[in-house]
Each structure stands twice: as C-alpha cells, then as structure tokens.
Number of protein chains: 2
Amino acid sequence: MLTNERHAYILRLLDEKQTVKIQELVESTGASESTIRRDLTDLEHSRKLERVFGGAILPGQNLMEPSISDKSTQFLEEKIRIAEFASSLIQQGDSIFLDAGTTTFQLIPFLKDKDLVVVTNGLTLVEALNEQGITTYLTGGLMKPRTGAFVGSHTISALRNYRFDICFLGINGFHPEYGYTTPDPEEAAVKQMASSLSRKTFALADHSKANKISFAKIMDLDRATLIVDEISKEANAGLQKKTIVKVVAP
Amino acid sequence: MLTNERHAYILRLLDEKQTVKIQELVESTGASESTIRRDLTDLEHSRKLERVFGGAILPGQNLMEPSISDKSTQFLEEKIRIAEFASSLIQQGDSIFLDAGTTTFQLIPFLKDKDLVVVTNGLTLVEALNEQGITTYLTGGLMKPRTGAFVGSHTISALRNYRFDICFLGINGFHPEYGYTTPDPEEAAVKQMASSLSRKTFALADHSKANKISFAKIMDLDRATLIVDEISKEANAGLQKKTIVKVVAP
DNA sequence: TGCTTATGAACGATTATGATTGATTGTGGA
DNA sequence: TCCACAATCAATCATAATCGTTCATAAGCA
C-alpha cells in the first residue's frame with residue numbers, strides 16, 4: 001500500500017467517522033503502528049487532522065476555506081450576528097481596515113452598496129471582497145500558510161500608506177486585566193498598527209473568547225470597543241469599567 | 001510494447017485506479033523497472049500524473065482548477081516547456097520575482113526543493129506557491145478583479161523592499177522595434193520596477209506573442225532575455241540583433 | 001555503415017518501514 | 001487523594017524498498 005493511499009484512506013475514514021483510533025488503522029491497513037503514527041504526524045503537520053491520545057480527530061479551529069468553513073466554523077450564527085451589527089457602524093464612503101479572520105470574514109456580505117475602500121491583510125477576504133465588487137487593497141507581506149493572513153515588516157509598512165475611519169479586528173481572547181490577545185505576535189503587531197491608523201477600533205469576538213488569554217497582547221481593553229454576541233452579567237460588569245461593550249443578543 | 005503504448009496504458013490504469021505502483025506496472029507490462037521509471041518521469045513532466053514514492057497518482061488533487069480555465073489552457077504544453085527551461089536557470093537559494101500571469105504560473109511546480117524566496121504580485125500564484133510549501137511574499141496593492149494581479153503605487157513601493165536574483169515576466173507581445181508590451185500600463189509599471197530590482201530579467205512568451213504590440217511598453221528587448229517555444233527564422237534573426245533569445249524546442 | 005534513441009542492469013544514495021526502548025499519559029481501585 | 005497498571009507515546013535503530021544516475025547494449029533509422 002502506497003503512502004499516499006494510506007493517507008487518503010485515513011482522511012476518508014476520518015471524514016466518515018469523525019474520529020479514528022490508531023489500533024483500528026493498524027488492523028485495517030496492515031501497516032505497523034509506527035507507520036500509522038508517522039502518517040498521523042504528517043497529516044497533522046499539513047493540518048488535515050488533529051492528533052489526540054490514541055488516534056486523531058477532524059481539525060477543530062479550522063481554516064476559513066469556503067469548502068470546509070460551512071460545516072466546521074464554530075459559532076457561525078453568532079459571528080454573523082456580530083458582523084451584521086458591526087456593519088451598521090459603517091458610513092457611506094468610509095475607508096475601513098478588515099483584519100484577517102473568520103469573524104471579520106462574515107462582515108463582507110454586509111458591505112455591498114456602501115461605496116467603501118477596504119484594506120485587508122487576509123487572503124481569503126480579498127477574494128470574497130472582489131466578488132462583491134468592492135474596491136480592495138491587500139497589504140501584502142509574508143503569508144502565513146495556515147490562516148492565509150499576511151504578516152511581518154512588509155505588512156506593517158504597507159499599512160502606513162493608509163488611514164482608516166474604522167478598523168475591525170478579530171481576537172482570540174479578551175480579559176479585564178490582560179486586554180485583547182491573539183496567539184501570534186506577528187499578527188498582534190499588524191492589528192496594533194492598523195488600530196493606530198484608525199479613528200475608531202472595534203474588536204469582534206464571540207462569547208467563547210471571554211476571559212481567555214492568548215500568548216500575544218494586542219492592546220488594552222480601552223483602546224477598542226468590544227462587540228460580542230452574549231456575555232455573563234458578572235463578566236460584563238468587569239468589562240464595562242474598562243471599555244464600551246456592545247452585546248448583540250439574538 | 002511501444003513507448004507510446006506504455007504511456008497510454010499507464011494513464012488508463014491510473015485513471016481507473018487513482019494510483020499505480022511501479023512494481024505492478026513492471027509485472028503487467030513486462031518492461032524493466034528503469035523503463036517504467038522513465039515513463040513516469042516523462043509523464044510527470046507533461047503534467048499527466050504526479051510521482052510519489054513507489055508509484056504515481058493523478059495530478060492536481062489539491063490544485064485549483066477553477067481560477068485557471070480558459071486562457072491558461074491555450075498553448076499549455078508550450079508554456080510548460082518554457083517554464084521548465086526557465087526553472088533550470090534558478091540556483092539554490094535564489095530570491096526571485098514571479099510576475100502575475102499564466103505562463104509564470106506554470107513555473108511553480110518546478111520550484112519545489114529549491115530553497116527559494118519568491119515574491120509575486122499574483123493572487124493565484126501565491127496560493128499555488130503556498131501549497132508547494134515555498135516561502136512567499138505578496139506585494140499587495142490594488143487588486144485587478146479579472147486577472148488577480150496587484151498593481152498601483154502601493155505595489156511599486158512594496159517592491160522596493162526587495163532585491164532579486166532573477167525576475168520572470170509574462171508579456172503580451174515582443175517586437176524588434178517596440179520591445180516588450182502588455183495591455184495595462186499599471187502592470188507594465190510593476191514589471192519595470194521588478195526588473196530594475198533584479199540582477200537578471202527573463203521574458204516568457206509563447207510563439208503567438210511574436211511581433212505583437214500591446215498598448216503599454218514595458219522595456220526594450222535588450223533589457224531582458226527572451227524565452228519562447230518556437231519562432232520563425234526571419235523573426236529570430238531580427239531579434240538576435242537586439243537581445244538574447246532562447247528557443248525551447250520540443 | 002554511422003547516428004540517435006530506447007532499454008536494462010548495476011551502483012550508491014535516499015526514503016519508508018517495523019521493531020524496540022524507555023518515557024509519558026490515562027484509568028481504575030484502594 | 002494516591003498508587004499501580006495498562007495503554008500510548010516519541011525517539012532510535014536496523015532493514016528493506018525505492019530512488020536517480022551511470023554505463024553498456026540493443027533497436028530503429030538514414
């Protein structure tokens with residue numbers, strides 16, 4: 001059995017059953033445990049699956065490719081609600097920055113007929129924006145393969161060419177003390193720069209990001225207005241002292 | 001068994017079974033392993049299949065067909081031949097600029113395992129480059145919806161951040177007197193800037209571009225080495241006085 | 001005949017594989 | 001909670017399969 005065949009087989013089985021066990025694969029393929037282990041390591045490295053103790057599962061926080069986004073985007077309903085509200089803050093003729101990310105991506109359908117200039121650092125976003133016929137500038141820079149986000153010094157200096165009325169940021173966590181955070185320092189730097197070039201900054205997040213802390217700090221809470229779908233009363237009270245919070249209930 | 005017969009047989013088998021093993025082919029055709037190896041290498045070069053360890057699989061399982069449909073299939077064989085030769089000019093560790101375009105797009109499969117840094121202004125190219133695991137910078141700028149090329153002042157100034165060993169340009173026409181031309185002045189400006197930042201510049205074109213003149217002039221012939229698939233003797237004589245021409249015959 | 005092309009065998013180099021090891025993690029009972 | 005046991009893990013090594021290259025021979029062609 002060819003290596004590629006095994007890989008395809010594993011992915012097919014995984015797609016059917018959501019999870020696969022290593023022992024199960026050893027038996028059904030006839031390959032050794034070591035080989036299956038290596039297969040899973042390879043496939044995880046190319047983000048096709050996620051390893052767990054004893055087997056593998058479908059990748060959780062997945063890419064934003066249209067093909068998989070439909071079924072794998074978590075909190076899609078909430079993100080759309082957040083995006084719709086965010087779009088209501090935009091004026092005709094505004095210039096806006098759209099951060100790379102799945103939540104900001106949901107903003108795009110609401111931007112039609114607004115006569116905007118949009119700048120983004122997200123590869124998937126620029127394609128969707130163009131389909132909507134919106135004038136779009138991409139920052140460029142070094143591309144992060146997994147997320148399709150552009151980062152690095154090139155991206156930062158490209159941003160300096162622009163000024164924005166509004167800046168919409170995706171974030172991975174917000175916390176009263178630690179502020180807005182995201183896993184990648186490079187992405188954090190881009191978000192900081194974009195925000196500093198904008199008259200107003202909005203942070204978009206679903207409720208799962210509440211009180212989460214990621215590795216890289218973007219900014220303190222008071223530097224951006226937070227838009228969330230729902231939030232506990234205690235948490236909200238804690239946040240209100242720091243910044244403006246807009247809760248978009250269903 | 002004739003070479004062509006074997007090739008046809010291999011492709012038929014591959015189409016049926018999705019994958020073929022070398023041992024399997026050795027047995028069923030009676031040819032030696034070396035011969036089958038050569039067959040697979042040939043067929044891979046003409047993009048009919050993709051080699052893997054122990055056999056071969058159908059090509060482009062994960063490439064994007066939709067974005068490159070009509071225009072790119074014209075003279076596809078020729079473009080691949082041109083691209084393969086062009087790739088032979090690249091040294092390990094080079095930094096190269098890849099112009100947006102269908103001919104330069106065909107270069108990408110030949111760039112694997114070359115340890116390169118690639119800069120491009122083509123949206124479709126950056127995606128394909130990333131699938132190959134090549135470190136890729138996108139210039140960014142204003143996106144031209146139809147072609148997926150980035151142009152404008154942002155693109156130009158982004159280019160100034162880099163220096164290239166080699167620059168590969170796609171063109172729409174070449175002419176002894178009028179030089180290299182392309183329809184869009186904005187794209188011409190990008191090509192000019194990229195070339196001026198490169199130690200060497202190559203213009204890639206199929207024979208249909210001979211003696212064609214488009215609206216915007218990129219540069220005179222002597223500023224770049226021309227790579228074409230074929231060309232009439234008279235035309236070649238006229239060109240040779242102006243620049244170096246490399247003809248990539250089948 | 002002389003020339004080119006296709007072929008097959010042989011070589012060392014590269015890659016995939018399977019078995020083994022000791023470390024790590026999850027499980028269940030005291 | 002703690003401990004012991006079983007399952008799983010990553011790392012290593014030796015082996016087997018496959019790879020590209022080279023060279024010599026055979027076949028096709030003028």
Side-chain angles (χ1 to χ4, degrees), chain A residues 1-14 17-60, chain B residues 1-14 17-59 61 77 81 84-85 87-88 90-93 109-115 132-133 230 247-250:
Chain A
M1 199 179 199
L2 251 40
T3 307
N4 291 68
E5 285 183 287
R6 269 202 324 276
H7 285 193
Y9 172 78
I10 292 170
L11 290 176
R12 195 153 38 85
L13 206 67
L14 185 60
K17 314 208 317 170
Q18 313 293 330
T19 64
V20 288
K21 297 184 188 57
I22 286 192
Q23 282 313 319
E24 178 182 280
L25 290 170
V26 169
E27 287 171 29
S28 59
T29 63
S32 73
E33 195 183 304
S34 295
T35 300
I36 298 297
R37 277 226 153 62
R38 269 184 281 254
D39 287 341
L40 294 186
T41 306
D42 291 347
L43 290 169
E44 181 178 42
H45 195 257
S46 56
R47 311 284 170 179
K48 301 281 173 51
L49 53 76
E50 203 170 302
R51 292 201 60 179
V52 294
F53 202 86
I57 57 174
L58 286 170
Chain B
M1 199 179 201
L2 251 43
T3 307
N4 289 343
E5 286 182 287
R6 270 201 324 276
H7 284 195
Y9 172 76
I10 292 171
L11 291 176
R12 196 153 33 97
L13 205 67
L14 184 61
K17 313 208 314 169
Q18 315 291 327
T19 65
V20 289
K21 300 185 202 13
I22 286 193
Q23 283 313 319
E24 178 182 279
L25 290 170
V26 169
E27 286 172 30
S28 59
T29 63
S32 74
E33 197 183 301
S34 295
T35 300
I36 298 296
R37 279 228 153 62
R38 268 184 281 257
D39 288 342
L40 294 186
T41 306
D42 291 347
L43 290 169
E44 182 179 41
H45 276 45
S46 53
R47 308 282 166 85
K48 302 282 172 49
L49 53 77
E50 200 171 307
R51 292 201 60 180
V52 295
F53 201 87
I57 59 175
L58 287 170
Q61 300 282 36
E77 294 279 337
R81 254 203 338 270
E84 182 168 20
F85 172 78
S87 72
S88 71
I90 301 170
Q91 307 284 320
Q92 279 279 341
F110 297 110
L111 301 182
K112 241 186 291 189
D113 312 319
K114 286 217 185 217
D115 187 28
Q132 300 278 339
E230 67 172 81
V247 181
V248 190

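Chain naming here is simple, since letters A, B, ... match the order of the sequence lines and numbering starts at 1 in each. No experiment lies behind these values; they were computed from the predicted model shown.
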Heavy-atom nearest nucleotide on DNA chain C for A:A31 versus B:G30: which residue maps closer to 5'?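 Here B:G30 is the residue nearer the 5' end.
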[atom1] of [X] to [atom2] of [Y]: how many Å apart, nearest 0.5 Å?
{"X": "A:I57", "Y": "A:Q18", "atom1": "CD1", "atom2": "CD", "result": "10.0 Å"}
{"X": "B:S46", "Y": "B:E84", "atom1": "OG", "atom2": "CD", "result": "9.5 Å"}
{"X": "A:R6", "Y": "A:D39", "atom1": "CZ", "atom2": "CG", "result": "4.0 Å"}

To the nearest 10°, give me the bend of the helix from C:dT1-D:dA30 to C:dA30-D:dT1, comparing the axes of its five terminal pairs at either end.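 Here the helix ends are tilted 40° relative to one another.
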Taking only N/O atoms, report every protein-nucleotides 20-29 of chain D pair under 3.5 Å with atom names and distance.
residue: D:dG20; atom: OP2; partner: B:R51; partner atom: NH1; Å: 3.1

Could you state the atom-to-atom distance from [atom1] of [X] to [atom2] of [N] in whole Å?
{"X": "A:K21", "N": "C:dG26", "atom1": "NZ", "atom2": "P", "result": "16 Å"}
{"X": "A:N4", "N": "C:dA16", "atom1": "CG", "atom2": "P", "result": "10 Å"}
{"X": "B:F53", "N": "D:dT18", "atom1": "CZ", "atom2": "P", "result": "7 Å"}
{"X": "B:I36", "N": "C:dA9", "atom1": "CD1", "atom2": "C1'", "result": "15 Å"}
{"X": "A:M1", "N": "C:dG18", "atom1": "CE", "atom2": "P", "result": "12 Å"}
{"X": "A:L40", "N": "D:dT8", "atom1": "CG", "atom2": "P", "result": "13 Å"}
{"X": "B:L2", "N": "C:dT5", "atom1": "CG", "atom2": "P", "result": "16 Å"}
{"X": "B:D39", "N": "D:dT18", "atom1": "CG", "atom2": "P", "result": "17 Å"}

Please name all residues satisfying salt bridge (Lys or Arg N to Asp or Glu O under 4.0 Å) with B:E33, sequence neighbours left out, ordered by chain then number.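 Salt bridge (Lys or Arg N to Asp or Glu O under 4.0 Å) check on B:E33 returns B:R37.
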Can you list the residues that meet the salt bridge (Lys or Arg N to Asp or Glu O under 4.0 Å) rule with A:K21, with sequence neighbours excluded?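 A:K21 satisfies salt bridge (Lys or Arg N to Asp or Glu O under 4.0 Å) with no other residue.
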Could you check whether A:V52 gets within reach of a base, just the sugar-phosphate, or nothing at all, counting any heavy atom under 4.0 Å?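 It contacts sugar-phosphate atoms only.
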Can you list the residues that meet the side chain to side chain contact (heavy atoms under 4.5 Å, CB included) rule with B:L43, with sequence neighbours excluded?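 Result, side chain to side chain contact (heavy atoms under 4.5 Å, CB included) vs B:L43: B:H7, B:I10, B:L11, B:K48, B:L49.
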Output all residues satisfying side chain to side chain contact (heavy atoms under 4.5 Å, CB included) with B:T41, sequence neighbours left out; order by chain, then residue number.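 Partners of B:T41 by the side chain to side chain contact (heavy atoms under 4.5 Å, CB included) criterion, ordered by chain and then number, come out as B:H45, B:R51.
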Using only side-chain N and O atoms of B:T35, determine if any of them is under 4.0 Å from OP1 or OP2 of C:dT7.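 No.
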Minimum heavy-atom separation for B:L40 to B:A56, with atom names?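 Closest heavy-atom pair between B:L40 and B:A56: CD2-CB, 4.3 Å.
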For B:A31 versus B:I36, what's the shortest heavy-atom pair and its separation?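 Closest pair (atom of B:A31, atom of B:I36, distance): CB-CD1, 4.2 Å.
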Among D:dT18, C:dG18, D:dC9, find the nucleotide with the atom closest to the side chain of A:I22.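 Looking only at side-chain atoms, A:I22 lies closest to D:dC9.
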